[in-house]
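First the structure, in the form of structure tokens, and then the observations on it.
This one's a predicted model, so the numbers in the text were calculated from it and none came from an experiment.
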There are 2 protein chains.
Amino acid sequence: MATRTRRPERREDALSRTRIVAAAVELLDVTGEGGLTFRALAAHLRTGPGAIYWHVANKDELLTAGTDAVLAGAMATDVAGDTPQDAIRSLALGVFDAIDAHPWAGTQLTRTPSQPSVLRLFERIGQQLRALDVPAAAQFSSASALLNYILGVAGQNAALARSQEPGTDRAAVLEAASANLDADEFPFTRSVAGQLRDHDDREQFLAGIDLVLAGIAGLQ
Amino acid sequence: MATRTRRPERREDALSRTRIVAAAVELLDVTGEGGLTFRALAAHLRTGPGAIYWHVANKDELLTAGTDAVLAGAMATDVAGDTPQDAIRSLALGVFDAIDAHPWAGTQLTRTPSQPSVLRLFERIGQQLRALDVPAAAQFSSASALLNYILGVAGQNAALARSQEPGTDRAAVLEAASANLDADEFPFTRSVAGQLRDHDDREQFLAGIDLVLAGIAGLQ
DNA sequence: ACCTGAACACCGTTCAAGT
DNA sequence: ACCTGAACACCGTTCAAGT
């Protein structure tokens with residue numbers, strides 16, 4: 001009879017950091033930011049809350065790891081054949097789409113300083129700016145500007161998702177809200193509200209990226 | 001004897017929405033985002049937690065009102081004599097400084113959709129873009145881009161403040177962190193980390209605004 | 001009308017005890 | 001080494017009872 005490995009058989013339902021994080025992401029996606037509690041997560045994993053703490057330090061680590069898992073795809077985007085601008089656009093869109101699918105990750109992205117996914121995004125943006133021959137002295141602030149814009153959108157999308165039932169027509173809600181604004185105090189907002197009807201969040205997001213890229217191009 | 005007004009004498013320590021919000025701001029400034037609890041606030045106001053609920057619906061309303069109070073100054077900035085670009089710069093700097101002094105407000109700004117201060121900021125930016133003769137079709141996305149950039153910075157500053165003792169040298173901490181990064185995976189971040197030493201957050205923030213403004217100018 | 005403070009229904013986290 | 005689940009120290013919010 002062949003010798004069996006000494007390592008204990010891995011039961012299907014054995015706990016592990018990976019399984020815990022995956023379950024947390026699932027819970028967050030289904031129940032929203034408020035739905036992730038150690039009790040609910042433990043119930044989902046058919047164990048007690050204490051068991052989770054053997055694999056994960058605390059709730060913040062859970063959220064950080066979940067956000068990282070969700071952004072891994074966007075961060076791995078292959079941009080080898082693209083122009084630097086297109087590479088930045090597709091990185092940014094990858095992040096946008098990931099947040100769109102998992103709005104709670106947008107909150108976490110803007111909440112935790114040096115969230116690993118943010119650092120990796122900054123790095124990837126910076127590499128493209130080098131390829132663009134952005135002057136060395138302007139590389140840092142240019143990468144920061146792009147990053148901050150992306151994080152700002154991520155945060156706003158997360159806030160909007162938090163306040164509305166999934167599947168709500170955001171534009172319609174925003175448009176209705178702006179119709180109630182005082183015309184004297186909010187002339188611009190009201191004048192622009194009509195554009196919400198047939199506006200595409202994703203295109204709008206890209207238009208902002210392009211504005212920053214145009215500014216960067218102007219640096220020579 | 002002159003008739004006294006029927007309105008009861010306003011005791012110095014009578015509760016009111018204004019006093020509650022002011023106390024909340026004070027508590028947030030001193031103890032940070034985690035320090036605002038209804039019990040602590042009630043103790044500060046020498047009353048019970050229930051009393052606060054007579055004047056304020058819930059914690060979120062308290063945070064929204066506090067953020068609004070803190071940003072009122074920045075929003076009221078007089079920009080009458082400025083060029084549109086300078087007006088946008090000074091509005092943005094006003095927000096930056098307010099968040100710098102009250103980092104918890106940066107979190108709230110990015111957390112609540114249609115936080116009133118955000119709406120007013122969007123409006124004021126938009127009015128300047130009109131003055132700049134930005135094409136009508138581009139006004140909305142241009143104002144959004146500026147707003148999102150500002151909110152992104154606000155969020156990051158709040159996150160950084162949350163993670164550090166007040167008064168910590170942020171640049172030094174970031175620089176130390178980046179020195180620990182793998183050189184092969186983070187060449188850009190490491191190359192740029194040196195600039196952190198003598199970089200000014202405020203200038204860096206403005207550089208980003210200028211990048212977007214340059215992009216907007218390029219729209220014709 | 002406004003305030004009081006105990007009570008309710010939760011949290012995140014810890015830890016003795018088990019296997 | 002890993003899991004269990006009761007217990008601790010909090011929360012936000014409600015509400016009967018007071019003035």
Side-chain angles (χ1 to χ4, degrees), chain A residues 4-28 30-67 104 107-108 111-112 162-163, chain B residues 4-28 30-67 104 107-108 111-112 162-163:
Chain A
R4 305 275 226 93
T5 163
R6 243 43 92 30
R7 181 189 291 247
E9 295 291 320
R10 221 170 239 296
R11 284 179 302 132
E12 276 289 310
D13 59 342
L15 229 44
S16 70
R17 200 186 138 91
T18 313
R19 263 194 79 228
I20 290 171
V21 171
V25 167
E26 205 180 307
L27 203 53
L28 284 161
V30 174
T31 60
E33 292 178 28
L36 180 64
T37 69
F38 277 82
R39 275 167 253 260
L41 185 57
H44 199 181
L45 292 164
R46 304 180 171 284
T47 180
I52 298 170
Y53 282 90
W54 184 261
H55 302 273
V56 163
N58 53 37
K59 190 169 181 177
D60 212 62
E61 192 181 305
L62 205 49
L63 281 164
T64 302
T67 301
W104 52 268
T107 307
Q108 182 60 17
R111 262 191 67 84
T112 303
R162 205 184 299 118
S163 73
Chain B
R4 303 277 224 92
T5 163
R6 243 41 93 28
R7 184 188 290 249
E9 294 292 318
R10 223 168 239 294
R11 285 178 302 132
E12 277 287 310
D13 59 342
L15 227 44
S16 70
R17 200 187 139 90
T18 313
R19 263 194 81 228
I20 290 171
V21 171
V25 167
E26 206 180 307
L27 203 54
L28 283 161
V30 174
T31 60
E33 293 179 27
L36 179 65
T37 68
F38 277 82
R39 273 165 254 260
L41 184 57
H44 199 179
L45 292 164
R46 303 178 171 286
T47 181
I52 298 169
Y53 282 91
W54 184 261
H55 302 273
V56 162
N58 52 38
K59 190 169 181 177
D60 212 63
E61 192 180 305
L62 204 49
L63 282 163
T64 301
T67 301
W104 52 268
T107 307
Q108 183 60 18
R111 261 192 68 84
T112 302
R162 205 183 300 120
S163 72

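When rounded to the nearest whole Å, the span between NZ of K59(A) and P of dC11(C) equals 9 Å. Here the P atom of nucleotide dG12(C) and the OH atom of Y53(A) are 7 Å apart, to the nearest Å. Per the geometry, CG belonging to L45(A) stands 14 Å off P belonging to dG5(D), to the nearest Å. Here the C1' atom of nucleotide dG5(C) and the CD1 atom of I52(B) are 12 Å apart, to the nearest Å. Counting to the nearest Å, the C1' atom of dT14(C) and the CG atom of N58(A) are 13 Å from each other. L15(A) has its CG atom 13 Å from the C1' atom of dA1(D), to the nearest Å. Whole-Å rounding puts the R39(A) CZ to dC10(D) P distance at 15 Å. The interatomic distance linking L41(A) (CG) with dC11(C) (P) rounds to 12 Å, in whole Å.
Considering T31(A), L28(A), V25(A) in turn, L28(A) is the only one that fulfils the side chain to side chain contact (heavy atoms under 4.5 Å, CB included) rule with L36(A).
With DNA chain D read from its 5' end, the first of the two nearest nucleotides for D60(B) and R46(A) is the one closest to R46(A). Nucleotides of DNA chain C nearest to G34(A) and A57(A) differ in position, and the one nearer the 5' end is that of G34(A).
Shown here, dC2(D) forms a base pair with dG18(C); the pair counts as Watson-Crick or G-U wobble because both key distances fall under 3.5 Å. With a cut-off of 3.5 Å on both Watson-Crick or G-U wobble distances, the partner of dT13(C) is given as dA7(D).
Taken to the nearest 0.5 Å, the CZ atom of R111(A) stands 14.0 Å off from the CH2 atom of W104(A). In this structure, CD1 on I20(B) lies 6.5 Å from CG on L45(B), to the nearest 0.5 angstrom.
Out of dC2(C), dG12(C), dC3(D), the shortest distance to the side chain of W54(B) is found at dC2(C). Relative to the side chain of P49(B), the nucleotides dT13(D), dG12(C), dC3(D) differ in distance, and dT13(D) lies closest. Nearest nucleotide to the side chain of T37(A), out of dT13(D), dG12(C), dC11(D): dG12(C).
Between H55(B) and the phosphate of dA1(C), there is no side-chain N or O to OP1/OP2 separation shorter than 4.0 Å.
A donor-acceptor pair under 3.5 Å is absent between the side-chain atoms of R162(B) and the main chain of E33(B), judged by distance alone. In this structure, R39(B) contributes its side chain and P49(B) its backbone to no donor-acceptor pair below 3.5 Å.
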